[in-house]
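This report concerns only the one structure given below.
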Amino acid sequence: MELNKIVDPQFQGILRKLAGQELPLRSAFTLKGIISNVNGELKKYDEVRGEALQRLGEKGEDGKVLINENGSVKLSEESMKSFVQEMNSLLTTNISVGHITAKDLGDKCSLSASDLLTLDDLIKE
């Protein structure tokens with residue numbers, strides 16, 4: 001799955017919803033591993049994003065990155081283009097976090113068709 005799916009708040013919310021379902025023990029164990037992998041990838045994404053902002057952000061006289069009134073890092077137009085380009089490239093990176101089968105989720109698991117489409121890369125037949 002692409003990294004852009006993992007950083008999507010909707011994906012994260014549905015994954016939390018799935019984690020709250022009553023699942024067979026083996027499936028819960030598998031899902032816990034998937035969630036751990038997703039969280040690890042999110043942490044790496046946040047770190048790399050922060051490093052890019054530190055590198056590309058405008059710096060004050062003290063060498064620290066300048067922050068706008070809205071709390072975001074101040075970027076020049078050229079730096080903003082570079083940042084967006086780098087982030088778009090990063091977000092298309094394929095990430096493997098594991099998968100679970102629909103059968104393993106059991107009969108008590110209730111997800112909507114929309115939820116299943118969002119989790120499509122995680123839930124295999």
Query raised in the report: Could you give the distance from CG (Leu117) to CG (Leu111), rounded to the nearest 0.5 Å?
Result: 11.0 Å
Query raised in the report: Which value, rounded to the nearest 0.5 Å, describes the distance between Leu90 atom CG and Leu3 atom CG?
Result: 5.0 Å
**Report entry** Check: Ser72 main-chain N/O paired with Lys74 side-chain donor or acceptor under 3.5 Å
**Finding:** no
Query raised in the report: Short question: side chain of Glu2, backbone of Ile95 - any donor-acceptor pair under 3.5 Å?
Result: no
Query - Heavy-atom pair with the smallest gap, counting every atom of Glu58 and Leu75 - result: OE2-C, 3.6 Å
Query raised in the report: Can Val48 be reached from Ile6 by stepping across I, L, V, M, F, W or Y side chains whose heavy atoms are under 4.5 Å apart?
Result: yes
Query raised in the report: Which residue pairs satisfy the salt bridge (Lys or Arg N to Asp or Glu O under 4.0 Å) criterion with at least one member in residues 79-103, sequence neighbours excluded?
Result: Arg55-Glu86, Glu77-Lys81
Query raised in the report: Side chain of Gln54, backbone of Val65: donor and acceptor closer than 3.5 Å?
Result: no
**Report entry** Atom pair CG (Leu116) and CG (Leu18), whose distance is rounded to the nearest 0.5 Å
**Finding:** 9.0 Å
Requested in this report: Could you walk me through whether Ser112 and Asp115 pass side chain to side chain donor-acceptor pair (under 3.5 Å), step by step?
Outcome: CA-CA 5 Å; Ser112 69; Asp115 292 346; 3.3 Å; yes
Atom pairs and distances, side-chain donor-acceptor, residues 19-28, under 3.5 Å, sequence neighbours left out:
unit_1, atom_1, unit_2, atom_2, d
Gln21, OE1, Ser110, N, 2.9
Gln21, NE2, Ser110, O, 3.3
Glu22, OE2, Lys108, NZ, 3.0
Ser27, OG, Asp104, O, 2.2

Query raised in the report: CZ/Phe83 to CG/Leu53 distance, rounded to the nearest 0.5 angstrom?
Result: 4.0 Å
Query - Heavy-atom neighbours of Glu47 CD exceed 12 at 6.0 Å - result: yes
Query raised in the report: For the side chain of Asp8 and the backbone of Gln10, is there at least one donor-acceptor N/O pair under 3.5 Å apart?
Result: yes
Query raised in the report: Given Thr118 and Leu15, is the side chain to side chain contact (heavy atoms under 4.5 Å, CB included) satisfied, shown in steps?
Result: CA-CA 9 Å; Thr118 301; Leu15 189 57; over 6 Å; no
Report task. Check Lys124 against Asp120 and note the closest heavy-atom contact, atom names and distance. Result -> NZ-O, 4.4 Å
Query raised in the report: Distance from Lys5 atom NZ to Asn94 atom CG, nearest 0.5 Å?
Result: 12.0 Å
Query - Ser79 (side chain) donor-acceptor with Leu56 (main chain) under 3.5 angstrom - result: yes
Query raised in the report: How would you list all residue pairs meeting side-chain hydrogen bond (donor to acceptor under 3.5 Å, both in side chains) that involve residues 33-45, not counting sequence neighbours?
Result: Glu41-Lys44
Report task. Look up atom CD1 in Ile100 and atom CD1 in Ile123, then write down how far apart they are to the nearest 0.5 Å. Result -> 7.5 Å
Query raised in the report: Are more than 12 heavy atoms from other residues, nucleotides or ligands located less than 6.0 Å from atom CG of Asn88?
Result: yes
